[in-house]
Number of protein chains: 4
Amino acid sequence: MSASLRVGIIGASGYVGGELFRILVNHPKVKVTIATSKQYEGEVVYRLHPNLRSFTELRFTSPKLDDITSSCDFVFTAVPHGSAVKIVPDLVKTGMKIVDMSADFRLQSTEAYEHWYHFTHPHPEMLRTTQLGIPELYRVKVRDSKLVANPGCMAITSILALAPFARSGMIDLDHIVVDSKIGSSGGGTKPSTGTHHAERYGVIRPYKPVDHRHTAEIEQEISRLSGRVVKVSMTPHAVNIVRGILCTIHTFGTDKLTTPAVWKSLRDSYQSARFVRFVKDKKGLAKYPDPKFLAGSNFCDIGFEIDERLNRLLLLSATDNLMKGAAGNAVQCMNLMAGFDETDGLLFPGLHPV
Amino acid sequence: MSASLRVGIIGASGYVGGELFRILVNHPKVKVTIATSKQYEGEVVYRLHPNLRSFTELRFTSPKLDDITSSCDFVFTAVPHGSAVKIVPDLVKTGMKIVDMSADFRLQSTEAYEHWYHFTHPHPEMLRTTQLGIPELYRVKVRDSKLVANPGCMAITSILALAPFARSGMIDLDHIVVDSKIGSSGGGTKPSTGTHHAERYGVIRPYKPVDHRHTAEIEQEISRLSGRVVKVSMTPHAVNIVRGILCTIHTFGTDKLTTPAVWKSLRDSYQSARFVRFVKDKKGLAKYPDPKFLAGSNFCDIGFEIDERLNRLLLLSATDNLMKGAAGNAVQCMNLMAGFDETDGLLFPGLHPV
Amino acid sequence: MSASLRVGIIGASGYVGGELFRILVNHPKVKVTIATSKQYEGEVVYRLHPNLRSFTELRFTSPKLDDITSSCDFVFTAVPHGSAVKIVPDLVKTGMKIVDMSADFRLQSTEAYEHWYHFTHPHPEMLRTTQLGIPELYRVKVRDSKLVANPGCMAITSILALAPFARSGMIDLDHIVVDSKIGSSGGGTKPSTGTHHAERYGVIRPYKPVDHRHTAEIEQEISRLSGRVVKVSMTPHAVNIVRGILCTIHTFGTDKLTTPAVWKSLRDSYQSARFVRFVKDKKGLAKYPDPKFLAGSNFCDIGFEIDERLNRLLLLSATDNLMKGAAGNAVQCMNLMAGFDETDGLLFPGLHPV
Amino acid sequence: MSASLRVGIIGASGYVGGELFRILVNHPKVKVTIATSKQYEGEVVYRLHPNLRSFTELRFTSPKLDDITSSCDFVFTAVPHGSAVKIVPDLVKTGMKIVDMSADFRLQSTEAYEHWYHFTHPHPEMLRTTQLGIPELYRVKVRDSKLVANPGCMAITSILALAPFARSGMIDLDHIVVDSKIGSSGGGTKPSTGTHHAERYGVIRPYKPVDHRHTAEIEQEISRLSGRVVKVSMTPHAVNIVRGILCTIHTFGTDKLTTPAVWKSLRDSYQSARFVRFVKDKKGLAKYPDPKFLAGSNFCDIGFEIDERLNRLLLLSATDNLMKGAAGNAVQCMNLMAGFDETDGLLFPGLHPV
């Protein structure tokens, strides 16, 4: 058997870093060689990620670029927005392949960064060449890329549901409402009053109900796929779970909607996509997508209903925000970029009930 | 002091019945004389409603109509849909005042019952005279009624948010999306696989995402207030709490939306409404409505944002589904019908945190 | 009607401060005149305690002692341990009556403070005169006190269950095991990694499983009641709720335990205690104490089982940690100290389900 | 590569059956050929176990014994207590190897079944030959068995923590208190009022606080290991999670307890046990066992503290009740019985956070 791919996780103390590590300890073709964290330098990794106890004795380190370069063949950068843009360009120069988990390379125009992030992007030239990491839409391009920007969790969950219909021209692109619900792990590890258990438990809390930044990614992709400028009404809510996203997407048909035509759009887009499942059943508790069934899995479950009275096409899509919404999707991109099987290390069915 | 109003709760073993009883044990002008339940006849009430232990020694009984008539001056009927219509007409004939908690008298047309409930209403003549119990919209009519139909929990939460704008003509009535999230107590006491803790915990589960019956009430009221036929896109979701509703209502302005105009619409409708609060703050965790803050209280909290990019008016409204969404609102109606102060027994501020 | 008692809450931004305020807005004989907070000076109270919106327009202030003295007839000090001891002595000198919510005056010996708090108490003379605020054990003394120390939440929940048996000599005082479970509000408002929703949700987390400080109060009281030095094995656990405590107390009989004798011990101690309920039923979900039924109520529910195989007396006691475990009990003490009815403002039955 | 072991799951619609299936779809040496359920005969398995969608197209069947015999080389019987004893003897006669998940073969004396289950065991001869499936204690015996009885979830979690000290004679065997906390999945799939989300959410509910049946297994094993009759005080509680058990075990030293001696007892018992982890850290959120970190994993995490004031040895042990507490442990037994590596299919690290 060939030697393992040596992988570094830059920014490994957060939830996305931990989830990357968790997937990779069971990945058949990979070895994690570096897990960096300035804040936790010297601590054993399992002190922060207690599920990894007995799986790794690695400690967080804070290495220089040279050390990363010599220890790794591939890196995931899981550092905050605004920090990635400072380290990724130098890593790119070493020839290493990279999946960046931040927002710093997801948008393709500097204007978009100005508008959504109030940020003057220092490397506009990189925005043209970085590939957004959605294998279901851009498998070949991801495979051939050296730098992939992993999409936002609510963005990918929405985009995968909308893409078939943006392509097929079946829906009114002027009235797309994305109402999303998300668990607390999506907000990262930093404590605050808003994430304090007594305050965060039991909420149905609107969070950035207008102008949420993931809107930018959705609009970029849906505009690209539909060939015109599309604006999307997006409103996220924090709900009382840790993992999981449900996007409820309310759209309206341009012509009379029919069930076979909706199925056809979905199948045309995802016939061969192992990580997209169509969930639409006549009975049972799992007749619609629900992140309850997805903990630890890399699926995006997509379902729909047609509301005949209003000619409304209701799309429902669910992911585990740390998996298909972050680390799982990133490993899927890595598998493509490294020439592995796309599903290596990712076929965990999820836990139920949990 | 004058004698207490003698109140009966017909169907007292459910959550709405228990909540009515809970409110009424502390109501200054009321005494609960009868709590009926066929299933639990003979059991002490606090065995099912354990919070009432030491507050009442009453037992569930299963009395005849005559006994109810002689023991009560006022009744709440909290029996299932389809059962109320069998007992309310006889109760009405006795001259007693009644608030009915079921759906059996909420809609005003037999056609609506045929369409939404597949039910041929046996008393069409009563539909014309029964008053829907929304004091904020129909205070005088409720006060003067003998039979009031208490609205559905998601219906009243949506209607109170939409009413000001249905009146003011500010929103596009052809694209109203009501995306609601609700706790498990809204589904009643009957166990099923879908409500089993291991299955229901941690869900974000679409529930009747098209054609939910509360849509009928919302459309009836918004049509009446706006003077034209309005259809509404409504999709409820079960989330991991017991009490509480958030309705996220996505609407679009007919003309350019402005913040002062939105405020004016709200104030014009609810200036004197003690149980409607406007929640819109610049900072803090409570800058938008969230049912987290409403446990046990009778408020409907309403907030909004204008999404300027899309000229979208986002309305947010929250209630405790057992209070303003059911028992609290019903007692408010009773207060009006009995000539009491509208707020008697209802000024509990809610618990925080809980 | 007589003028209201003017009450100040010193340290009103925390959960105990908020709960005191919540109770007092509906108290018939009290008016809150001051709510202090250095950190939130100038903010409206309801920004932190959103359930109080529309009940008060008061803002947090940071007044000098003189201002407190002139504005209040009674104060609750709800500041952190170690801070109370710096302000309470000066408040006492003004002649005001005080209930202190901190641990600074609960223990009666300086040695105990050295051992449990590593703290040299600056006012040993006050320890002899401060009354521990457990009305069920010390009603007359509380009534006659100027300074009352409100007990710790797990302490009072344990003490109320153990006291009858410490008195009756029925149990082996060398093998008392208190295994307690508590919600997150017991830990206060300060965010930390340990209270971060993603980390705190879903735990069964041992917390200070040996040497927890509330042990000191339990041992002090059980020793006093039994007339000998008693040590207690106490282990608390954080569980996935916000409000509530259950203490499971494993004890062993000195002689053969009998059900009537256990009942007699309980009745002898609490015959007239409105806020102690005995919960022991043959069927139903509420046959044992469970804090689920106590949200917002001031009860301590006590139940038991005899394990005949081991001659074990299992005691179960439950409270809402913010109510009988903190603010509710403190208001009960205030009622006694002010000459009000002991139950004024405290007869809320709790919410169910929630 | 050799052909897969053909495995049947008898009683596959429950949570244990589903978890067995979930593990086995990723097991490298096994193929599930039959999943039986009378109630759900004909349904696709993933309708009940939605995490298995896209992993299997198998349907529940209700085959005769002959069909099972010809389709399977190994079966798990996951049927209710009292049902297993009716089918296992016939399965045994076919020569197939079996792990039975019920309680029907865990106890070794008919007297114990009379006492704890009020049940006259029809096959006393089988009780002497059936091996209790705790590989950490009986690895060789499990390996050589044809019929293994998988232990109860709270039993194995308690036994693994107590066994080293039952052997070393370090603790007072007359005062062992097992206070356990468990999630709702431990109660199975059958809905009832007690498991209804609105009733079960947020509880700390004592459940069979004396005379719980798992006590019998603990006493049997601790008696065997210590060489004398031991009785155990066991009290379980339902808490607000779905998966997970924490056993808090309060014991007292016979002689003065020391930390090195406790470590030595643990190491002597579990030096080579891949699925027992010692969890005792100086800092961090994972310094004690907590089932929060174990979702989906097969570990039993064991920790301890010495309470010097009382010479108390506090043992803490945590499992995922569906994994090491049921299906994971059963697959571990199967691995041994089938000559596979003990860890095959079981090295999932668990999810964090979840």
Side-chain angles (χ1 to χ4, degrees), chain A residues 13-19 22 37 39-40 43 46-51 60 153 181-207 237-245 291-292 295-296 320-323 325-327 351 353-354, chain C residues 13-19 22 37 39-40 43 46-51 60 153 181-207 237-245 291-292 295-296 320-323 325-327 351 353-354:
Chain A
S13 66
Y15 294 142
V16 172
E19 191 75 349
R22 197 266 301 162
S37 167
Q39 189 181 353
Y40 296 101
E43 303 263 12
Y46 63 76
R47 191 167 279 153
L48 261 82
H49 304 307
N51 52 335
F60 294 111
C153 55
K181 299 89 182 165
I182 185 166
S184 57
S185 63
T189 55
K190 196 170 174 206
S192 70
T193 300
T195 67
H196 194 55
H197 183 271
E199 302 284 348
R200 175 67 176 73
Y201 181 90
V203 300
I204 311 175
R205 184 196 292 166
Y207 176 74
H237 305 74
V239 293
N240 193 28
I241 56 172
V242 172
R243 278 187 190 232
I245 291 173
K292 163 97 172 164
D320 176 336
N321 58 295
L322 293 179
M323 288 295 300
L351 297 176
V354 72
Chain C
S13 67
Y15 294 143
V16 172
E19 191 76 348
R22 197 265 302 162
S37 167
Q39 188 180 354
Y40 295 101
E43 303 264 11
Y46 64 76
R47 190 168 280 154
L48 261 82
H49 304 306
N51 52 333
F60 293 110
C153 56
K181 298 90 183 163
I182 184 166
S184 57
S185 63
T189 55
K190 196 169 173 207
S192 70
T193 301
T195 67
H196 193 56
H197 183 272
E199 301 285 347
R200 176 66 177 73
Y201 180 90
V203 300
I204 311 174
R205 183 196 293 166
Y207 175 74
H237 305 75
V239 293
N240 194 28
I241 57 172
V242 171
R243 277 185 190 235
I245 291 173
K292 162 98 173 163
D320 176 336
N321 59 295
L322 293 178
M323 288 296 297
L351 297 176
V354 70

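Just so we're clear, the structure is a prediction, and the values are computed from it rather than from any experiment. Lettering follows sequence order; numbering is per chain, from 1.
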Using a cut-off of under 4.5 Å for heavy-atom pairs, which of Gly186(A), Gly187(A), Ser184(A) has the most such pairs with chain C?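 Greatest number of close heavy-atom pairs with chain C: Ser184(A).
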Ser192(A), part contacting chain C, at a heavy-atom distance under 4.5 Å: backbone
To the nearest 0.5 Å, what is the distance between CG on Asn240(C) and OH on Tyr201(A)? 5.0 Å
What is the distance from atom NE2 of His196(A) to atom CZ of Arg200(C), rounded to the nearest 0.5 Å? 9.0 Å
Tyr15(C) side-chain N/O to Ala198(A) backbone N/O, donor-acceptor pair under 3.5 Å: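 No.
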Parallel, tilted or perpendicular, as decided by the 30° and 60° cut-offs, for the rings of His197(C) and His197(A): parallel
So what's closer than 4.5 Å to chain A heavy atoms on Thr193(C): side chain, backbone, both or neither? both
Assert top hit (heavy-atom pairs under 4.5 Å, partner chain A, pool Ser185(C), Pro191(C), Gly202(C), Gly194(C)) equals Pro191(C)
